[in-house]
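The basis for the numbers below is simple: all heavy atoms, side chains too, and nothing from hydrogens, waters or symmetry mates. Each chain gets a letter, A, B and so on, in the order its sequence line appears, and its residues count up from 1.
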Amino acid sequence: MGRITLDKVQKKFGETEVIPPLDLTIEDGEFVVFVGPSGCGKSTLLRLIAGLEDVSGGEIRIDGTNATDLPPAKRRLAMVFQSYALYPHMTVRKNIAFPLKMAGMDEAEKTRRVERAASVLNLADYLDRRPGQLSGGQRQRVAIGRAIVREPAAFLFDEPLSNLDAALRVGMRLEISELHKRLETTMIYVTHDQVEAMTMADKIVVLRAGHIEQVGSPLDLYRTPRNRFVAEFIGSPKMNIVDGEEASRHDAHAIGIRPEHIDVGEGPWEGTVGVSEHLGSDTFFHVHDTGLADVVTVRAPGENSHRAGDRISLSPQMDKLHRFDWEGLRIA
Amino acid sequence: MATQHSRAAARFMIAPSVVLLLAWMLIPLGMTIWFSLLRYNLLMPGDNPFVGFENYSYFLTDPAFQTAIVNTLLLVGGILLITVCGGIGLAVLLDQPMWGTGIVRIMVISPFFVMPTVSALVWKNMFMNPVNGLFAYVAGVLGLPAFDFLTAAPLASIIGIVSWQWLPFATLILLTAMQSLDSEQLEAAEIDGASAWSRFYYIKLPHLARAITVVVLIQTIFLLSIFAEIYVTTAGGPGNASINLTYLVFQESLQRYDVGTASAGGVVAIILANIVAIFLMRMIGKNLDA
Amino acid sequence: MARAVPNSVKARNTAIAWIIAILIFFPILWTILTSFKTEGAAIADPPVFLFFDWTMENYTTVQERSDYFGHFMNSVIISVGSTVLGLAIAIPAAWAMAFVPGRQTKNVLMWMLSTKMLPPVGVLVPIYLIFRDWGLLDTRVGLVIVLTLINLPIIVWMLYTYFREIPSDILEAARMDGATLQSEVIHVLLPMAVPGIASTLLLNIILAWNEAFWTLNLVAANAAPLTAFIASYSSPEGLFYAKLSAASTMAIAPILIMGWFSQKQLVRGLTFGAVK
């Protein structure tokens, strides 16, 4: 079980309020991702849940019991740190067994659990090495191993992949998702990378300056962003935002259209191709002189003959248009 | 997670160190200042009347005092100059690729571990002695007259001995700092067309600034109080030629047992050290924040 | 910079560096060599370098005539004693400052460093009188107390520098893993702090072993460690080069060897972590 409820949770550092009172419910077994630009308070929120920071107000409930004043160890949560935070003087085996040792578990059970975790995470061959002798990906797995042996109510991940190189990151992303499928335990995952959020989450919480901007499934956020911030943060490349005359024609202060929702070919818009990025499967055109915005990004199929300097016509898919009012909120 | 409780515990843990150091500083300091205002000589039992600043005027007008101040500054300045310049040179040299770096390092660092009394004695007798010293022999081979270092140039000789002791320290610190320089910076400079000398002057030397500051600070603390080397080699002589402030106060107190004058001298030494310290603490304070 | 350097350049560097290093090391080398010579060979003209009759006689003479071993034990007791006492006082302080830093922590540290600025001669008179009145002159206890106090700021700073490098993530991880404060200290902090404590210990033994100002002024025959014992060779025994060399070699050998092993720590320790 691992249902976590935040009720008007608030955090101040001295006079500055980093997290204004905030409500959030995380259901048992859910994979929740906190995402937002750096400094948005996502890590602080995670540390409040972990008990590594004291809340300045409000209540944190884990499975119905009030955990607000419980020390971290009593919350039945496990955490994977960005720096992995492995104990450098202990072998992998001892690192993974440490929480069990602290819980006073008997040797046989301890060995059994460590070996099981090691086989799940492909660490069996490394159990007698020290963290210093492992690669980044292996260290990451040890940190996860240390978390899973405790069979916690929920896992907390604090930007766990940001120290890995790109290829490894994709692999670990998959491994963590698979782990979640297998364990069916609640996971809370903090990242600034919207791709990680989109690919892993059951539910995404978008944060900005301590505020929750929107909560929803990845596709909810993609299809119906509640405001311009979410609209621009989710999706890659970024949504095009157009204001002025074109927006007024749609009865909005600003309109947004994703690059993948603009077709090249007969249409109302026109512009000059600038830089084009060829990814093989797709081509991204950066189109200038449209009279709409400085640059309009367009996603076109990979095989494409347009070159820099060509004039092209653009046709937005009108049903995929997002409209925003002057406050930046979505117009339904 | 700094809770109220852990803060209280922290204060409790820091207290012994602070209290001891405070006591070590304040009690003797207070006594020194008090004694400096008394006529107080251990060889003359009886009352110790309050005499105001008499001891100070006596100490400050003593011709030995002026010599001592000048010598103190010459010692600190001379040794700093030699060790910092020599240290930079040696650090550059040891930073080059070569065979046997480990042994070279060990040889270069060794003088630092030699106790001051030993190094002073060895230099005085086995090297600088005008009859049997090795320098006298070398001079003889070159056809020069033997030079009586500690009589003819006592202060310079002491500067030499103490520089030998501290050069390794400066070298080691500057070398460590040099090696912490990101090699990509040097490669970037090389690609930008900087010559070996320009790379040293524009990149390595500025990188060493912090380390040089630290060397100057640490050495000054110790060099202001050079004592054993003078005690063993010249005892401040001939005359007062190689006396420094520390040694002068030592003479007043433990050789002439004039507590009053020695205390006045101690206060003067503290004031001098503070003037130097304020200037230095600013430097290192800035560097430690960086 | 793993770039191939021509061997000729490397050979030139090696030659220059070795010549300079041998020159710097020469006084120590010469002292060690002379300690194995007879007094006659020690002042031979021209000086003999390696080809003389090696003898151990100087060492036995020094021991017999002036109880070298007694002074050696004084040095050991005083340097180890003051270092251990200093560590006992400093470890909690450095610990607290590194892991529960407050607004004043930096100031307290700077203040501690500033006490090192107080010239010892400024407090020589009162300390001498206090020691005389309390019967601490020429005792090992007295010297242990003074050396503990003068090295305390360095010990605190060094430990602080080491402790601060233990990442707080790891302490938080231990807390998440269910460690109580006590097990956090025993299983996580202490093992990670041991190397730092060991180098602090080593460096302070070296500093205390070589301390000369207080040693020369506060002890005479009884409690004299090697620094003071050697100073007694000032004259006229200083002219017996071989015996002087033997005594000197014995006085510096233990610390020289310790120093070679701790040269890396020396940099971090004595620069208060300002140079890495």
Side-chain angles (χ1 to χ4, degrees), chain B residues 2 6-7 10 13-14 16-17 21 24-25 28-29 31-32 35 93-94 96-99 104 106-110 113-118 121-122 125-126 132 137 172-173 176-177 180 183 211 214 218 221 224-225 227-228 231-232 246 249 253-254 259 262-263 266 269-270 273 277 287-288, chain C residues 1 5 10 13-14 16-18 21 24-25 27-28 31 43 45 47 89-90 92-93 95-97 100 112 115-127 149 152 156 206 210 212-213 216-217 227 230-231 233-234 238 241 244 248 251-252 255-256 259-260 263 267 270-271 274-276:
Chain B
S6 61
R7 286 219 181 288
M13 287 160 86
I14 298 171
S17 300
L21 280 175
W24 167 248
M25 243 178 109
L29 196 63
M31 287 170 75
T32 302
F35 290 158
L93 179 63
L94 295 186
Q96 306 299 319
M98 66 174 76
W99 288 292
V104 168
I106 278 182
M107 286 199 285
V108 169
I109 188 71
S110 292
F113 301 116
V114 175
M115 52 179 67
T117 44
V118 166
L121 269 181
V122 166
N125 292 315
M126 292 166 61
N132 291 324
Y137 169 74
L172 190 62
I173 287 183
T176 308
S180 76
S183 67
V214 171
I218 307 289
I221 292 178
L224 277 174
S225 304
F227 175 76
Y231 178 90
V232 171
T246 301
V249 175
S253 57
L254 298 190
V259 172
S263 297
I270 291 169
N287 269 337
L288 287 179
Chain C
M1 241 192 318
V5 175
K10 215 169 157 181
N13 291 337
T14 308
I16 300 172
W18 275 81
I24 290 175
F25 188 66
I28 298 171
T31 307
I43 54 167
D45 187 4
I89 301 166
W95 194 283
M97 288 195 272
V100 196
M112 284 187 172
T115 65
K116 279 302 287 178
M117 296 279 186
L118 186 71
V121 75
V123 293
L124 172 63
V125 174
I127 296 294
L149 287 168
L152 191 58
V156 172
I206 295 173
N210 289 343
F213 180 81
L216 290 175
N217 281 312
T227 22
I230 290 293
Y233 272 75
S234 196
Y241 287 2
L244 167 67
S248 298
I252 63 173
I255 242 54
L256 202 55
W260 289 341
Q263 45 159 326
V267 175
L270 268 183
T271 60
V275 173
K276 285 195 187 115

Heavy-atom distances under 4.5 Å only: say whether C:L256 touches chain B with side chain, backbone, both or neither.
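Both parts, heavy atoms under 4.5 Å.
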
Can you say whether C:L124 sits under 4.5 Å from chain B via the side chain, the backbone, both, or neither, judging by heavy atoms?
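Contact with chain B: side chain only.
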
Could you tell me which non-hydrogen atom of [X] sits nearest to which non-hydrogen atom of [Y], and how far apart they are?
| X | Y | answer |
| --- | --- | --- |
| B:V104 | C:A21 | CG1-CB, 3.8 Å |
| C:V100 | B:A10 | CB-CB, 3.9 Å |
| C:A251 | B:M115 | O-CE, 3.7 Å |
| C:Y241 | B:N132 | OH-CB, 3.5 Å |
| C:T31 | B:M126 | CA-CE, 4.1 Å |
| C:V156 | B:S17 | CG2-OG, 4.3 Å |

Who are the side chain to side chain contact (heavy atoms under 4.5 Å, CB included) partners of B:M31, not counting sequence neighbours?
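In terms of side chain to side chain contact (heavy atoms under 4.5 Å, CB included), with neighbours along the sequence ignored, B:M31 is linked to B:I27, B:F35, C:P126, C:I130.
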
For C:L149, what residues pass the side chain to side chain contact (heavy atoms under 4.5 Å, CB included) criterion, not counting sequence neighbours?
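By the side chain to side chain contact (heavy atoms under 4.5 Å, CB included) rule, C:L149 matches B:L20, B:W24, C:I145.
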
Find the one option among C:I206, C:I28, C:L152 whose heavy-atom pairs under 4.5 Å with chain B are most numerous.
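Winner by heavy-atom pair count: C:I28.
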
Among the options C:V123, C:I16, C:N13, pick out the one with the most heavy-atom pairs lying under 4.5 Å from chain B.
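Highest number of heavy-atom pairs under 4.5 Å: C:N13.
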
Just by modelled atom types, is the C:G122 backbone N or O under 3.5 Å from a matching donor or acceptor in the B:T32 side chain?
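Yes, because the side chain of B:T32 sits within donor-acceptor range (under 3.5 Å) of the backbone of C:G122.
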
Interface moiety of [X] toward chain C, non-hydrogen atoms closer than 4.5 Å:
| X | result |
| --- | --- |
| B:L29 | both |
| B:F227 | side chain |
| B:L93 | side chain |

Just give me the residue among [options] that pairs up with chain C most often, heavy atom to heavy atom, under 4.5 Å.
| options | result |
| --- | --- |
| B:V108, B:V232, B:T246 | B:T246 |
| B:P28, B:P116, B:G266 | B:P28 |
| B:A262, B:S110, B:P16 | B:S110 |

Mind checking whether B:S263 and C:V125 have side chains closer than 4.5 Å, heavy atoms only?
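Yes, close enough: below the 4.5 Å cut-off.
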
Quick check for you: to the nearest 0.5 Å, what is the distance between [X] atom [atom1] and [Y] atom [atom2]?
| X | Y | atom1 | atom2 | value |
| --- | --- | --- | --- | --- |
| B:S253 | C:I127 | OG | CD1 | 12.5 Å |
| B:F113 | C:I255 | CZ | CD1 | 9.0 Å |
| C:W260 | B:I109 | CH2 | CD1 | 11.5 Å |
| B:T117 | C:I230 | OG1 | CD1 | 6.0 Å |

